[in-house]
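What follows is a set of notes on a single structure, which appears directly below.
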Protein chains: 2
Amino acid sequence: MSNLIDKHEFKDSAYGQLARIGKALSSPKRLELLDLLCQTDRTVEILSRETEMTVANTSQHLQVLEAARLVRAKKQGRFVVYSLADALVSDFFRAFRVLAEDRLAEIEQLRRRFLEAGADLDPVDAEALIDRVQKGEVVAIDVRPIEEYKTAHIPGALALPLQELKRRLSELPRNKEIVAYCRGPYCVLAIDAVRLLRARGLRAHRLEASVQDWRARGLPVAIGMEQSSIKALQRRAR
Amino acid sequence: MSNLIDKHEFKDSAYGQLARIGKALSSPKRLELLDLLCQTDRTVEILSRETEMTVANTSQHLQVLEAARLVRAKKQGRFVVYSLADALVSDFFRAFRVLAEDRLAEIEQLRRRFLEAGADLDPVDAEALIDRVQKGEVVAIDVRPIEEYKTAHIPGALALPLQELKRRLSELPRNKEIVAYCRGPYCVLAIDAVRLLRARGLRAHRLEASVQDWRARGLPVAIGMEQSSIKALQRRAR
DNA sequence: CAAATAATCAAGCGAATAATTGAATATGTC
DNA sequence: GACATATTCAATTATTCGCTTGATTATTTG
């Protein structure tokens with residue numbers, strides 16, 4: 001009977017365990033890491049570069065997330081690849097974001113202040129997008145790094161990472177509307193892409209939703225590379 | 001253009017705002033307060049008594065929750081009544097608890113160690129409960145404080161706060177099965193109730209679900225006082 | 001208007017946390 | 001087996017957090 005615990009211990013440690021998850025979500029940098037891992041798996045070094053932290057610091061934050069069982073570490077050769085512990089975590093993170101945006105008007109204000117310069121980057125209606133892509137009315141481009149595209153992307157979207165966008169402008173039709181998307185509301189890749197495209201005289205818009213938001217609405221998601229993107233790569237290789 | 005912000009500021013403060021919610025959820029005591037407020041509104045003093053904290057400390061924690069817009073304070077006379085900012089918060093808290101239980105096996109172990117003494121307090125099948133209550137096969141009792149019962153309870157359940165249980169034992173039929181419920185998995189009221197009833201020779205079981213869990217499953221919820229509970233009160237008044 | 005009550009504020013202390021730095025541990029390559 | 005690379009560990013510092021104590025601000029009651 002030595003391992004019996006009393007009411008207070010029970011309550012305190014039950015809430016204490018819950019708080020472990022809360023603590024993991026209480027640091028901006030950890031949330032950024034989690035958001036990145038929602039897109040695709042990554043090594044410590046890549047994560048440290050993307051979040052602009054030292055490797056040691058990144059490693060420590062990742063260990064906090066791991067202790068809360070939100071992410072998992074897997075050793076591959078001399079790399080350690082971190083990934084979400086479960087798809088449920090991605091869903092939860094989205095719910096967390098929605099709650100936060102709902103509660104904290106400050107986030108919305110921030111976004112507006114940031115977007116002010118680029119005028120309206122008119123968010124696009126998600127439901128209508130797939131049809132218009134299939135009909136060839138618009139070209140959807142995924143401006144995230146290629147690994148994230150491979151993990152999951154919007155069906156019919158062209159893989160066109162922001163870094164390559166300037167060099168590959170000729171691949172885009174000048175007479176069609178272009179819709180760019182990235183990791184979601186806090187990601188600036190699509191915003192940059194739209195600004196660049198508009199500066200070159202193209203009709204570009206931004207889809208604010210991420211692939212995860214897309215999936216959460218019950219819309220289909222594609223994985224791997226698509227023919228159109230492979231062809232584009234081959235054209236460039238020549 | 002002075003209020004424009006750059007990418008880094010945007011990203012940092014967006015995640016910073018998110019982290020405010022995370023911080024609010026990172027303290028066991030704050031989670032306990034939130035869990036209590038999911039049941040019903042309360043004044044600072046009552047909350048401080050229920051969580052066994054000083055009033056000043058309770059007040060401070062509540063202000064953190066308020067800053068994260070998870071709860072709302074309303075001055076009523078010389079009391080300040082805190083309540084959930086929104087019903088969404090209750091849903092989110094449940095999702096948070098589910099995620100935590102899913103991730104942290106430690107919580108389940110804790111519960112098992114705690115329940116060991118009382119043997120199995122056989123959790124009851126929620127779906128079947130309503131029918132059995134209506135057919136008169138079982139008596140459901142809500143052992144939370146009466147205010148929480150009034151805010152929301154399982155239809156047909158008798159309001160029988162744990163504190164009054166000992167005195168009002170005679171109201172319970174000795175030949176029927178009794179199902180007690182309280183605030184949910186981390187609440188010990190129903191556990192105590194079942195132990196007491198069993199010690200008196202009654203056939204008692206515990207429903208682990210809270211009213212909120214009940215509602216989340218799409219099952220009906222009643223508010224206010226029910227006839228059966230009012231009659232019981234009147235019988236006692238005579 | 002004074003007394004009592006409810007809640008908040010302000011100051012202070014010890015513990016926990018985030019980030020830096022440099023060393024240590026694996027792992028793969030020459 | 002020496003070396004380079006990826007990651008973690010350990011020690012340090014500045015900051016933040018949780019909690020206590022005592023004073024202060026509202027509001028009701030006598």
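So you know, we letter chains A, B, ... as the sequences are listed, proteins then strands, and number each from 1. Note that this is a predicted model, so its numbers are computed, not measured.
Atom CD1 of B:Ile230 has more than 12 heavy atoms from other residues, nucleotides or ligands within 6.0 Å. A 6.0 Å sphere centred on CD of B:Gln163 holds no more than 12 heavy atoms belonging to other residues, nucleotides or ligands.
Distance NZ (A:Lys75) to P (D:dT5): 16 Å, rounded to an integer number of Å. Rounded to a whole Å, the CZ atom of B:Arg78 is 8 Å from the P atom of D:dT28. Rounded to whole Å, the distance from CD on A:Glu66 to C1' on D:dC9 is 15 Å. Rounded to whole Å, the distance from CD on A:Gln76 to P on D:dT7 is 11 Å. Between B:Gln63 atom CD and D:dG18 atom C1' the separation is 14 Å, expressed in whole Å. A:Phe79 has its CZ atom 11 Å from the P atom of D:dT5, to the nearest Å. Here D:dC9 presents its P atom at 12 Å from CG of A:Leu62, a figure rounded to the nearest Å.
There is a side-chain donor-acceptor pair under 3.5 Å between B:Tyr181 and B:Asp142. A donor atom on one side chain and an acceptor atom on the other are found under 3.5 Å apart for B:Arg20 and B:Gln17.
Under the 4.0 Å criterion applied to side-chain N and carboxylate O atoms, A:Glu164 and A:Arg167 are not assigned as salt-bridge partners. Checked for salt-bridge contact, A:Arg30 and A:Glu32 miss the test: no charged N lies under 4.0 Å from a carboxylate O. By the 4.0 Å N-to-carboxylate-O rule, A:Asp102 lies too far from B:Arg69 to be salt-bridged with it. Under the 4.0 Å criterion applied to side-chain N and carboxylate O atoms, B:Arg103 and B:Glu101 are not assigned as salt-bridge partners.
Distances shorter than 4.0 Å separate some side-chain N or O of A:Ser59 from OP1 or OP2 on D:dT8. A close approach under 4.0 Å does not occur between any side-chain nitrogen or oxygen of B:Asn57 and OP1 or OP2 of D:dG18. Not one side-chain nitrogen or oxygen of A:Tyr82 sits closer than 4.0 Å to the OP1 or OP2 atom of D:dA6.
Of the residues listed (B:Arg183, B:Arg144, B:Glu147), the one engaging B:Gln39 in a side chain to side chain donor-acceptor pair (under 3.5 Å) is B:Arg144, and it is the only one.
The outermost nucleotides of DNA chain C lying under 4.0 Å from heavy atoms of chain B, listed 5' to 3', are C:dT5 to C:dA10.
Position along DNA chain D of the nearest nucleotide to A:Gln60 versus B:Thr54 favours A:Gln60 as the more 5'-ward residue.
Within residues 24-46 of chain A, the residues approached by DNA chain C to less than 4.0 Å at the level of any non-hydrogen atom are A:Arg30, in residue-number order.
Using a 4.0 Å heavy-atom criterion, one finds that A:Val55 contacts the bases of the nucleic acid, with or without backbone contacts as well.
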